[in-house]
Amino acid sequence: ELTPRPKNYPGGSARWDWEGFYTALIRRIHEHGLPEQQKDLVNEMLGWFERRSDSGEAPDISTIRKKIAGIWRELREAD
């Protein structure tokens with residue numbers, strides 16, 4: 001299971017597992033398609049972070065929204 005990286009992670013100072021996030025995002029879209037609204041996908045991915053954190057921490061919702069926005073636009077234009 002993927003969890004947020006510790007602050008002293010030797011590969012860098014990234015607090016959040018963005019690689020794992022994108023992997024989970026791609027898998028979710030592949031298995032279930034896009035939800036009706038972008039906010040629903042943002043909330044699902046917020047939950048993904050919360051479930052993987054011992055303390056329930058997650059990046060702020062605006063950061064998650066920014067990470068999803070470009071992908072959302074590209075996939076919606078392809079429909």
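Everything numeric here is computed off the predicted structure, so don't read it as measured data.
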Could you see if Tyr22 belongs to whatever hydrophobic cluster contains Leu34? Use Ile, Leu, Val, Met, Phe, Trp, Tyr and a side-chain cutoff under 4.5 Å. yes
Side-chain heavy atoms under 4.5 angstrom apart, residues restricted to Ile, Leu, Val, Met, Phe, Trp, Tyr: same cluster for Ile26 and Trp48? no
Phe49 and Trp16: aromatic ring centres closer than 6.0 Å? yes
Would you check if Gln38 and Arg65 make a side-chain contact, meaning some heavy-atom pair closer than 4.5 Å? yes
Nearest heavy atoms of [X] and [Y], plus distance in Å:
X     : Y     : value
Glu36 : Arg76 : O-NH2, 3.4 Å
Met45 : Ala24 : CE-CB, 3.9 Å
Trp18 : Ile64 : CH2-CG1, 4.4 Å
Ala58 : Leu46 : CB-CD1, 3.5 Å

Backbone N/O of Thr23 and side chain of Arg27: donor-acceptor pair under 3.5 Å: no
In chain order, what residues pass the side-chain hydrogen bond (donor to acceptor under 3.5 Å, both in side chains) check against Glu44, with sequence neighbours excluded? Arg28
Side-chain donor-acceptor pairs of residues 67-75 under 3.5 Å, sequence neighbours excluded:
none

Applying side chain to side chain contact (heavy atoms under 4.5 Å, CB included), can you list everything that pairs with Gln37, at least two apart in sequence or on another chain? Lys39, Asp40
